Asks: 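I am attaching a structure below and will ask some questions about it afterwards.
First the proteins, then the strands, lettered A, B, ... as listed; each starts at 1. These numbers were taken from a predicted model, which means no experiment stands behind them. Below, all heavy atoms of this structure are taken into account, side chains as well, without hydrogens, waters or symmetry copies.
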2 protein chains.
Amino acid sequence: MPQQRILPYIILGILSGQKQMNGIQITNVFKTEIGEFWRSSHSQIYPELKRMLDDNWVKVVPTEENDKEIYYQMTGDGQNVLDEWLVESNTIPLPSKDLFALKMYFIQDKNDPRIIQLLEEQRELVKDNILHLEERNRLLFSKEETVNSNYGHFLILDRAIKRQKGFLRWLNKQIKQYKDA
Amino acid sequence: MPQQRILPYIILGILSGQKQMNGIQITNVFKTEIGEFWRSSHSQIYPELKRMLDDNWVKVVPTEENDKEIYYQMTGDGQNVLDEWLVESNTIPLPSKDLFALKMYFIQDKNDPRIIQLLEEQRELVKDNILHLEERNRLLFSKEETVNSNYGHFLILDRAIKRQKGFLRWLNKQIKQYKDA
DNA sequence: TGAATCATGTAACCGGTTACATGATTTT
DNA sequence: AAAATCATGTAACCGGTTACATGATTCA
């Protein structure tokens with residue numbers, strides 16, 4: 001069997017809450033908000049919206065003859081599909097394309113200088129990423145009410161920050177150990 | 001430009017250290033050792049080996065007319081390509097297909113019971129994964145000398161375990177907070 | 001008015017998975 | 001001898017990216 005398609009569920013998630021959006025707006029959500037967790041581009045989204053329209057997961061909402069722009073809204077069917085998906089069981093995700101781990105794997109010798117090189121490069125990347133994530137957190141969740149009305153988003157951003165901070169601590173420890181030897 | 005192909009480098013990494021292996025053996029490395037970090041199947045690996053042969057990254061080593069089985073070995077060119085790749089700069093990896101994060105993102109309301117459901121399900125998955133990783137660690141790195149001669153592998157396995165333990169602590173904290181409220 | 005951006009769409013291509021196929025060797 | 005596994009390979013398909021294309025609107 002082919003592997004589970006995720007994109008339509010994400011689009012439903014984006015549309016949830018009575019929102020009506022056109023293709024570009026949905027695309028932009030991937031560029032900003034949701035881009036931290038998933039990627040997609042307009043050339044994938046437009047055909048997907050057509051398919052969802054056929055399946056009656058979304059409907060086109062008429063606008064005052066603006067033409068050209070097509071606004072979509074989730075249907076009742078779509079809401080049901082989304083609700084079912086949200087409570088489906090998950091599995092541990094497949095490994096992500098992590099070149100740091102992969103390269104490290106191939107360096108056998110403990111004294112190979114490329115180990116410390118990889119560790120230090122990764123440290124810079126992770127530091128930058130932490131700054132980025134904390135900036136997002138400040139931007140989005142400074143106010144308590146935003147936290148409470150976007151709690152899932154808040155939680156996973158919090159998790160992402162803690163994860164990278166844990167990674168940074170680990171990197172620092174390994175680097176220190178290396179320097180001391 | 002098309003995105004960077006990684007598979008040939010991984011195959012070089014697997015062949016590094018004078019090893020000579022056939023397609024099945026390389027495929028099996030993906031099923032066991034390296035499967036924690038990358039996936040590939042034989043239908044991808046055989047054509048890739050052909051291409052690498054054309055590029056002179058690997059060569060066929062003659063066996064005593066066993067026929068059928070084709071053993072490959074890395075060439076000097078291949079070693080150079082691998083060495084260059086290992087010191088190339090990385091970037092933060094694209095988001096992995098993490099359904100936990102994704103679903104969580106779409107649950108807005110702090111009091112939605114699906115939040116605690118997601119957290120608790122994920123806790124079970126992470127617990128199982130930690131057991132699996134620790135078993136791997138015991139199996140592979142009980143002896144000090146194995147650690148020193150596969151240090152990169154040891155490091156990333158260690159990191160994977162610490163990462164999941166951090167995740168588990170975070171999940172427990174969120175769940176507790178939820179139950180207390 | 002020309003340039004930039006908006007909004008939608010299609011085409012080409014690529015990496016990767018699943019399924020199909022086929023002789024050779026090993027096991028029962 | 002039949003069944004299972006080994007070893008290699010091809011075909012079909014699919015999700016996703018990049019590039020191409022095109023009218024409409026907005027901006028300089």
Asks: If I take atom CD in residue B/Gln4 and atom P in nucleotide D/dG16, what distance separates them, rounded to the nearest angstrom?
Replies: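 B/Gln4 atom CD is separated from D/dG16 atom P by 21 Å.
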Asks: In whole angstrom, what separates B/Phe30's CZ from D/dA7's C1'?
Replies: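 After rounding, the gap between these two atoms is 17 Å.
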Asks: Rounded to the Å, how far apart are A/Tyr46 OH and D/dT18 C1'?
Replies: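 It is 16 Å, rounded to the nearest whole Å.
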Asks: How close do A/Met104 and A/Ile115 get, counting heavy atoms only, and between which atoms?
Replies: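 Looking at all heavy atoms of both residues, the shortest contact is CE-O, 4.1 Å.
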Asks: For A/Gln79 and A/Asp83, test the side chains for any donor-to-acceptor distance below 3.5 angstrom and give the result as yes or no.
Replies: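 Looking only at side-chain atoms, A/Asp83 and A/Gln79 do form a donor-acceptor pair, the distance falling under 3.5 Å.
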Asks: Under 30°, 30 to 60°, or over 60°: which ring-plane class applies to B/His42 and B/Tyr46, parallel, tilted or perpendicular?
Replies: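 It falls in the perpendicular class, over 60°.
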Asks: Please give, in whole Å, the distance from C/dT10 P to A/Ile45 CD1?
Replies: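 So the two atoms are 15 Å apart, to the nearest Å.
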Asks: Without decimals, in angstroms, what is the distance between A/Tyr71 OH and C/dT8 C1'?
Replies: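 The answer, rounded to whole Å, is 13 Å.
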Asks: Using a cut-off of 4.0 Å on non-hydrogen atoms, how would the nucleic acid contact of B/Ser43 be classed: base, sugar-phosphate, or nothing?
Replies: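 Here B/Ser43 touches the bases of the nucleic acid.
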Asks: Between A/Glu145 and B/Lys110, is there a salt bridge with N-O shorter than 4.0 Å?
Replies: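 The answer is no: the pair does not qualify as a salt bridge.
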Asks: Could you please name the option among C/dT18, C/dG15, D/dA7 that lies closest to any side-chain atom of B/Asn22?
Replies: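 When the side chain of B/Asn22 is considered, D/dA7 is the closest of C/dT18, C/dG15, D/dA7.
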Asks: Are the ring centres of A/Phe106 and B/His153 closer than 6.0 Å?
Replies: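 Ring centroids of A/Phe106 and B/His153 are no less than 6.0 Å from each other.
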Asks: Without hydrogens or angle criteria, can the side chains of A/Gln164 and A/Asn129 be said to hold a donor-acceptor pair below 3.5 Å?
Replies: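 Their side chains do contain a donor-acceptor pair, which is all the 3.5 Å distance test asks for.
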Asks: Please report the closest heavy-atom contact between B/Val58 and B/Thr75, naming both atoms and the distance.
Replies: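 Looking at all heavy atoms of both residues, the shortest contact is C-CG2, 3.5 Å.
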Asks: Does A/Arg51 pair with A/Asp55 as a salt bridge, N-O distance under 4.0 Å?
Replies: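 Salt bridge absent between A/Arg51 and A/Asp55.
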Asks: Counting only heavy atoms and a strict 4.0 angstrom limit, can you tell me which residues of residues 50-61 of chain B come near DNA chain C?
Replies: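 Hits under 4.0 Å, by residue number: none.
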Asks: Pick out which of B/Lys179, B/Lys127, B/Arg114 makes a salt bridge (Lys or Arg N to Asp or Glu O under 4.0 Å) with B/Glu120.
Replies: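 Only one of B/Lys179, B/Lys127, B/Arg114 forms a salt bridge (Lys or Arg N to Asp or Glu O under 4.0 Å) with B/Glu120, namely B/Lys179.
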Asks: Look at A/Asp54 together with A/Lys50 and state whether they make a salt bridge at an N to O cut-off of under 4.0 Å.
Replies: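 So A/Asp54 does not pair with A/Lys50 through a salt bridge.
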Asks: With nearest nucleotides of DNA chain D determined for B/Lys97 and B/Gln44 from heavy-atom distances, which residue corresponds to the more 5′ nucleotide?
Replies: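 Between the two, 5'-proximity favours B/Gln44.
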Asks: Heavy-atom nearest nucleotide on DNA chain D for B/Pro47 versus A/Trp38: which residue maps closer to 5'?
Replies: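 Nearest-nucleotide comparison on DNA chain D picks B/Pro47.
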Asks: Please report, rounded to the nearest Å, how far the P atom of D/dC14 is from the CG atom of A/Leu7.
Replies: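 In whole Å, D/dC14 P lies 15 Å from A/Leu7 CG.
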Asks: Side chain of A/His42 only, heavy atoms from C-beta on: which candidate in C/dG15, D/dG15, C/dT10 is closest?
Replies: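 Among the listed nucleotides, the one closest to the side chain of A/His42 is C/dT10.
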Asks: From C-beta outward on B/Arg39, which listed nucleotide comes closest to its side chain: C/dG9, C/dT17, C/dG16?
Replies: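 Among the listed nucleotides, the one closest to the side chain of B/Arg39 is C/dT17.
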Asks: What pairs of nitrogen or oxygen atoms, one from the protein and one from nucleotides 4-6 of chain C, lie under 3.5 Å apart?
Replies:
none

Asks: Within this structure, what is the CE-to-P distance between B/Met21 and D/dT8, rounded to whole angstrom?
Replies: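 Roughly 11 Å, once rounded to whole Å.
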Asks: Residues of residues 99-106 of chain B with any non-hydrogen atom less than 4.0 angstrom from an atom of DNA chain C: list those, numerically ordered, please.
Replies: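 By residue number: none to list.
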Asks: What residue among B/Ile10, B/Val87, B/Ile156, B/Leu86 forms side-chain contact (heavy atoms from CB on, under 4.5 Å) with A/Lys103?
Replies: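 Considering B/Ile10, B/Val87, B/Ile156, B/Leu86, a side-chain contact (heavy atoms from CB on, under 4.5 Å) with A/Lys103 is found only for B/Leu86.
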Asks: How many whole angstroms separate atom CD of B/Gln25 from atom C1' of D/dA7?
Replies: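 Distance, rounded to whole Å: 10 Å.
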Asks: Between A/Phe167 and A/Phe100, does the ring centroid distance fall short of 6.0 Å?
Replies: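 Yes, the ring of A/Phe167 comes within the 6.0 Å limit of the ring of A/Phe100, centre to centre.
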